[in-house]
Protein chains: 2
Amino acid sequence: MSRPQIVSAGEGRAAPEKDVESGNSSRDRILAAAAWLFAERGLAAVGLRAITAEAGVNLAAVNYHFGSKEGLLEALFERQAKPIAEARLRLLGECREEPGRPPLLEQLLEAFLLPAFTLGVEPALGGAAFVRLRARLAAETEEMARRILVRAFDDSSLRFLDAMAEVLPELPRAEVEWRFHFLLGTMVYTMANNGRIQALTKGSCDPGDLEQALRKLIPFLAAGFRSAPAPDA
Amino acid sequence: MSRPQIVSAGEGRAAPEKDVESGNSSRDRILAAAAWLFAERGLAAVGLRAITAEAGVNLAAVNYHFGSKEGLLEALFERQAKPIAEARLRLLGECREEPGRPPLLEQLLEAFLLPAFTLGVEPALGGAAFVRLRARLAAETEEMARRILVRAFDDSSLRFLDAMAEVLPELPRAEVEWRFHFLLGTMVYTMANNGRIQALTKGSCDPGDLEQALRKLIPFLAAGFRSAPAPDA
DNA sequence: GTCTATACAGTGATAGAC
DNA sequence: GTCTATCACTGTATAGAC
């Protein structure tokens, strides 16, 4: 694996300072170093000292800019989650009933899942580690993790929830919500790729192959969403 | 549960009386204290010093008996997972096609999910914290977590995988495996109860209500399992 | 405002005496 | 087997330099 270029050398741009995207302020260098190291070595195995050394800044810079290690994590996550949420909404806007295209429900499922599966593994955004980071946060009960996920994804998720309720008018809203919850479960668990199913099936089923996972997941979920509502109580 | 009555005669020590279930050896006291504290305060917030103080043993005792904090976690998890795996297999043995009972697939799903949802929250086994611990381990990519889960659940899971393949003979084995993977995702994510869906739906959908979750989950999964297989490539 | 050097209280782990 | 003392290391906080 090649190291990401942290400092972008002078390209033609005439505004060298404060490039928001890939700036070389110490704040941005910390973010880049953290993304790189988390991707390379995992999450818990990377301490603040490793990050600050990689970024070429002082240890205290992390606390100055982000308040805490958790704050750094939050900033990093938010930055990486943004393109996913945006892509989701863009794809949602392109969903329409049309001959030759899959049913609307399948379109919605793909629009929701595809950005998470593809953008999630882009090296520029921290690579596969980010996907696992998401999965880990999803398993967290603490307030911080919840807040991070909510801020990053709730508005786009809510839009999808509404769209799905619209596509399934015969289903009570609460039922759609439960099923959306189950959808999140399959997505997050697949992204976590904890190796359980590989061990169980001796490798014949590999959730690390996200393209195939998507192809298997969408029909499975679509059938679940379309099933008759469960008795309520 | 009865333990063997055989006591070696003429031993120097008088009646060692190691009760395996709720013994007061230092090893068992550590396990009990850890289960209690993890349930009470969460996982990361509890240090070895708190555990050893609660158990009334020395700090080094943990490393002596379990090798490391991870080793303690593993022992604890294994002890708590065992009744779940056993209950699953027992319920699996009671599944049969019979008039007046749900279809076999639904029976299998319930036999698999019910022990995880009910035994998982029993206070005697560490309470709700154990459920979250499971969810957290499932999101872990590290070798240790994988090994723990495999040792605890793989044999019973494999039996269910086989049973489901048998109930769905028209489905390729790989397809059943993928769907079993999705089943695990919905289960773990529901058990994690990270608060996401509550926030999204303003509380109208609460996965903390595991009984209702089960009633919503089984039809959803059954429909997914029964859907036509996806194209393979 | 930004950044640095340094100190601090906490962790899990371990060697060796008893 | 058990305990004391200590180790290396963590995230955090602060005082002060530019």
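Throughout, a chain's letter reflects where its sequence line sits, starting with A, and its residues are numbered from 1. Hydrogens, waters and symmetry mates play no part in the numbers below; they use all other heavy atoms, side chains included.
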Subject >> Carboxylate-amine/guanidinium contact A/Arg173 A/Asp162, below 4.0 Å >> reply: yes

**OP:** Assign the ring pair A/His181 / A/Trp178 to parallel, tilted or perpendicular, where the plane angle (0 to 90°) is split at 30° and 60°.
**Re:** perpendicular

Subject >> Cation-pi, B/Phe153 ring and B/Arg88 (6.0 angstrom, 45 degrees) >> reply: yes

Subject >> Flag if over 12 foreign heavy atoms under 6.0 Å of CD, B/Glu211 >> reply: no

**OP:** Starting at CD1 of A/Ile30, measure out to NE2 of A/His65 and round the result to the nearest 0.5 Å.
**Re:** 5.0 Å

Original post:
Which whole-number value in Å describes the distance from A/Arg27 CZ to C/dG1 P?
Top reply: 15 Å

Subject >> Protein-to-nucleotide contact annotation, 5' to 3' order, nucleotides 2-15 of chain D [B base; S sugar-phosphate only; - none; under 4.0 Å, heavy atom] >> reply: BBB-----BBBBB-

